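Reviewing the structure listed below.
Source: prediction; values computed, not measured.
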2 protein chains.
Amino acid sequence: MDPFSNAHRPLYEIKANLFKGVAHPVRVRVLEVLSRSPDVSVGDLMTDTGLEASHISQHLSVLRRHHLVVAERRGSQVFYRLAYPQVADLLTVSRVLLMEILETTQQQLESTMNLSDLESPVPAPQLDGARP
Amino acid sequence: MDPFSNAHRPLYEIKANLFKGVAHPVRVRVLEVLSRSPDVSVGDLMTDTGLEASHISQHLSVLRRHHLVVAERRGSQVFYRLAYPQVADLLTVSRVLLMEILETTQQQLESTMNLSDLESPVPAPQLDGARP
DNA sequence: TCTTGACTTGCTCAATTCATCCATTCGCTT
DNA sequence: AAGCGAATGGATGAATTGAGCAAGTCAAGA
C-alpha cells in the first residue's frame, strides 16, 4: 500500500525477497547470459533459451520488479542489461558454493557406494534439495 | 526417483534450487545468525527469533535438504552450523547488492519527490519487488 | 520406567507461484 | 492508416509452498 512501507521492513525480509527474485531456472539463465554479454534483446534471449516470448517476458518483468535488470527500448527491440555489476557477483558466489556442495556430495556418494555390498542401502544424498 | 538424476540436471536448475533454499525471511535470519556464531542450538534460535519450535524446525529441515547447514546432536540438544563458509559469502554478497539497490532507489525516490509539485505523480519505485 | 524437555515430522488448508493462452501496445514500414 | 514484428500484460487452472497444530522421537533425570 504505502510506497514507503517497503523501506521500513526488516532487512532479512527484503533480502529474502531478493533471493526469491533469482530463484527460478529461467531467471538464473537470463541473468547468466546478461552477466556475460550486456545489451541482449528479448529476441536473443528467446533463441538462446528456446522459450516462448510471453514466458520470457514474464520472468523479465519479475527481474525488473526486483531491480536486478534494466530495460532500454531501441527502435522496435528492447535490450536488457544487469542493473548492477554486483548481480553478477551473486551468481558467481552461488556457483562457487554450488561446486563445493556438489563436490562433497559426490564424495559422500562414492563412499556410500563402497559400503553398498556390506550394509543395507543408505538413502542417496540429495544433490539439490528436491524432495524425493 | 533415480538418485543420479539430480547430477544430470542442468546447472542453472540446481542453482535456482539453491536460491530457493535461501528465499525465505526465517531462513535468511537463521543463516545470518549461524554466520556470526557457530554452534547454535534450536532453542537459541527460538529465543533469537521468537518463533515457535516446529516453525523453525521446518525451515531448518529445508536448509538441511539444501546442504546449507548441518546438525549435530549433543545430549538432548541439537546444534546447527553452516555446512560451508561460502554460505556466509552468499549472504554477504547479497547484502552488498541490496545496499546498492536501496541506495539508488532512495535517490530516485528523492528526485521524484522534487518533481512532485510540477508534474503528475510518478509511481514510486518498489524497493523489494513486492506487488502493489 | 515414567516423565520431562528438546526437537522433529505429519497433516490440512490457505496463499503464492508457474505455465499457457489470448489480447494489447509500441515502433516501423509501406 | 493499416499491417507486421517485437514485446508486454492479463487471466485461468495446476502445482508448490507456507503456517499452524497435533502427534511422535530421542536422550537424560527422577
Take T104(A) and Y84(B) through the test side chain to side chain donor-acceptor pair (under 3.5 Å) and record every step on the way to the result. CA-CA 10 Å; T104(A) 52; Y84(B) 306 90; 2.4 Å; yes
Kindly point out which of dT17(C), dA19(C), dG20(D) is positioned nearest to the side chain of H55(A)? dA19(C)
Electrostatic pair E13(B)-K15(B), nearest N-O below 4.0 angstrom: no
Using a 4.0 Å heavy-atom cut-off across all strands, classify F79(A) as base, sugar-phosphate, or nothing. nothing
What is the distance from CG of L60(B) to C1' of dG18(D), rounded to the nearest Å? 15 Å
Confirm from the modelled atom types if S76(B) and dC26(D) form a donor-acceptor pair under 3.5 Å, side chain to base only. no
For a quick check of understanding: with a heavy-atom distance under 4.0 Å over all strands, which category does S54(B) fall into, base, sugar-phosphate or nothing? base
Would you please confirm or rule out a distance under 4.0 Å between OP1 or OP2 of dA6(D) and any side-chain N or O of Y80(A)? no
What's the CD1-P distance between I56(A) and dT8(D), to the nearest Å? 10 Å
Test item: side-chain donor near acceptor, D44(B) and S41(B), under 3.5 Å: yes
H66(B) has an atom NE2; how far is it from atom P of dT17(D), in whole Å? 8 Å
CZ of R64(B) versus C1' of dC7(C): gap in Å, rounded? 10 Å
Rounded to whole Å, please give me the gap between NZ in K20(B) and P in dA15(D). 15 Å
Toward the 5' end of DNA chain C, which comes first, Q58(A) or G75(A), by nearest nucleotide? Q58(A)
Side-chain ion pair, R74(A) and D39(A), N-O less than 4.0 Å: yes
